[in-house]
Number of protein chains: 2
Amino acid sequence: MRDPEQRFQELMAKLRARAYRLTPQRVALIRLLAYSEGHPDAAELYRRLLDQFPTTSLATVYKTLNLLKEMGEVLEIEINGIGGEGSRFDGNDPAPHPHLICVRCHRIMDGQVSLTEEILQTVQGQSGYRVISHRLDFYGICPECQVQGVN
Amino acid sequence: MRDPEQRFQELMAKLRARAYRLTPQRVALIRLLAYSEGHPDAAELYRRLLDQFPTTSLATVYKTLNLLKEMGEVLEIEINGIGGEGSRFDGNDPAPHPHLICVRCHRIMDGQVSLTEEILQTVQGQSGYRVISHRLDFYGICPECQVQGVN
DNA sequence: TCCTTATAGATAATCTTTTTCCAGAGAGAA
DNA sequence: TTCTCTCTGGAAAAAGATTATCTATAAGGA
């Protein structure tokens with residue numbers, strides 16, 4: 001995990017560089033993303049934002065998230081297939097990295113492995129695709145659920 | 001790609017083994033899945049099913065897809081993050097395998113590489129998760145879009 | 001054939017995300 | 001500081017995919 005404050009400043013700088021306005025709501029959301037330990041969904045971010053801006057709307061959250069997604073600074077983790085709920089977001093580390101998703105409690109952890117260059121080359125060679133990005137997610141049972149669970 | 005007819009028979013056998021009823025609609029949908037070259041979404045399957053059963057409803061398609069998903073016989077490929085549309089489904093090969101998704105035309109190809117056992121072990125060791133399954137998707141530009149594209 | 005029960009079909013509901021519209025605020029220029 | 005231009009926030013409605021509900025029907029075994 002990188003330094004949250006550093007990540008926050010990095011995001012601020014990138015917004016400034018693109019001449020996006022640094023509204024208080026936006027700054028607060030960016031701070032939330034940079035400092036978030038877990039992988040919050042839009043509703044969670046919205047809830048936390050309400051503490052500071054009681055009149056904020058969920059649309060604002062989505063607008064900023066989409067902005068950051070387009071800039072490649074936020075990863076969207078879709079877990080719709082699992083619990084039926086919406087996406088989670090990772091604003092800590094913009095580089096593609098694997099996630100471990102608990103199919104029971106939906107906790108998400110960052111994985112530390114990365115795909116080998118060999119795999120990337122093989123895939124590009126086989127398919128002819130020019131690969132821009134990727135996602136690697138593992139589904140399983142997290143340690144805590146293993147302890148509780150009836151399997 | 002495996003033999004579609006063989007895959008179809010395999011799915012039929014598995015449904016029978018679990019005492020699910022083999023309704024004509026279900027059989028037709030399973031045949032569509034087993035024989036589908038691409039990665040259709042629910043609407044596409046529904047459209048094709050209408051040819052044979054003009055009164056079929058989309059709900060029926062989803063019900064059978066969910067049934068097969070629970071049985072682990074259909075993979076759901078979520079591309080919501082890309083085009084905003086719904087999931088695609090892969091009923092040819094139930095084992096996790098990578099997909100190449102074109103971010104321009106949304107074409108999906110099967111990748112042939114697989115994760116090394118070493119990567120799986122590393123991830124499990126690092127996280128403590130008991131990994132059940134995974135998904136590996138590559139995003140990029142497909143060969144055809146590379147030719148056309150302004151980039 | 002009969003009986004039990006899972007399933008199809010129609011429709012409404014749900015849920016997340018996006019769109020629309022406009023007032024108001026951000027940021028540079030004077 | 002003030003002016004001006006435009007981007008952005010907020011509220012509400014809309015969109016779009018998926019699921020739930022309810023009932024008649026059909027599948028499959030006895």
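Reminder, nothing fancy here: chain letters follow the sequence lines and each chain counts from 1.
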### Task
Output yes when at least one side-chain N/O atom of B/Ser87 is less than 4.0 Å from OP1 or OP2 of D/dT18, else no.
yes

### Summary
Sorted by chain and residue number, the side-chain contact (heavy atoms from CB on, under 4.5 Å) partners of B/Leu75 (sequence neighbours excluded) come out as B/Asp90, B/His97, B/His99

## Note on the structure
In whole angstroms, the gap separating P of D/dC7 from CG of A/Leu15 amounts to 15 Å

### Message
Which residues pass the side-chain contact (heavy atoms from CB on, under 4.5 Å) test with A/Ile132, not counting sequence neighbours?
### Response
B/Val103, B/Ile141

### Query
Can you list the residues that meet the side-chain contact (heavy atoms from CB on, under 4.5 Å) rule with A/Thr116, with sequence neighbours excluded?
A/Glu118, A/Ile119

Is there any protein nitrogen or oxygen under 3.5 Å from a nitrogen or oxygen in nucleotides 21-27 of chain D, and what are the pairs?
{"unit_1": "D/dA27", "atom_1": "N3", "unit_2": "B/Arg21", "atom_2": "NH1", "d": "3.3"}

### Task
For DNA chain D, determine which residues of residues 40-52 of chain B have any heavy atom closer than 4.0 angstrom to one of its atoms, and list them numerically.
none

### Query
What residues form a salt bridge (Lys or Arg N to Asp or Glu O under 4.0 Å) with B/Arg21, not counting sequence neighbours?
none

## Note on the structure
Separation of D/dA20 atom C1' from B/Asn66 atom CG, nearest Å, is 12 Å

### Task
Sequence neighbours left out, what passes side-chain contact (heavy atoms from CB on, under 4.5 Å) with A/Asp41? Give chain and number order.
A/Ala43, A/Glu44, A/Arg88

### Short side-chain N/O contact to D/dA11 OP1/OP2 from A/Ser57, under 4.0 Å
no

### Query
Rounded to whole angstrom units, what separation is found between the CZ atom of B/Arg18 and the P atom of C/dT5?
21 Å

### Task
Apply side-chain hydrogen bond (donor to acceptor under 3.5 Å, both in side chains) to B/Asp110 and B/His39, showing your working.
CA-CA 9 Å; B/Asp110 286 321; B/His39 299 79; 3.0 Å; yes

### Results of salt bridge (Lys or Arg N to Asp or Glu O under 4.0 Å) for A/Arg26 - residues two or more places apart only
none

### Query
Is any side-chain nitrogen or oxygen of A/Thr55 closer than 4.0 Å to OP1 or OP2 of D/dG9?
no

### Query
How many Å lie between OH on B/Tyr62 and P on C/dT14, as a whole number?
18 Å

### Query
Can you name the residues that form a salt bridge (Lys or Arg N to Asp or Glu O under 4.0 Å) with A/Glu5, not counting sequence neighbours?
none

### Query
To the nearest Å, how far apart are A/Leu68 CG and D/dT8 P?
12 Å

### Separation of atom CG in B/Leu67 from atom C1' in C/dT7, rounded to whole Å
11 Å

### Message
So B/Tyr20, base contact, sugar-phosphate only, or nothing? Heavy-atom distance under 4.0 Å.
### Response
sugar-phosphate

### Message
Salt bridge or not between B/Arg135 and B/Glu76? Use side-chain N to carboxylate O under 4.0 Å.
### Response
no

### Task
Using whole Å, report how far CZ of A/Arg26 lies from P of C/dG24.
19 Å

### Message
Angle between the end axes of the helix from C/dT1-D/dA30 to C/dA30-D/dT1, five pairs per end, to the nearest 10 degrees?
### Response
40°

### Query
Partners of A/Arg31 by salt bridge (Lys or Arg N to Asp or Glu O under 4.0 Å), sequence neighbours excluded?
none

### Message
So if I take every side-chain heavy atom of B/Gln25 and compare against D/dG9, C/dA8, D/dT18, which nucleotide ends up nearest?
### Response
C/dA8

### Message
Whole angstroms only, please: what is the CZ-P distance between A/Arg16 and C/dG26?
### Response
15 Å

### Task
Scan residues 56-68 of chain B for pairs that pass side-chain hydrogen bond (donor to acceptor under 3.5 Å, both in side chains), counting only residues two or more places apart or in two chains.
B/Asn66-B/Lys69

### Within-4.5 Å side-chain heavy-atom neighbours: A/Val61 and A/Phe89
no

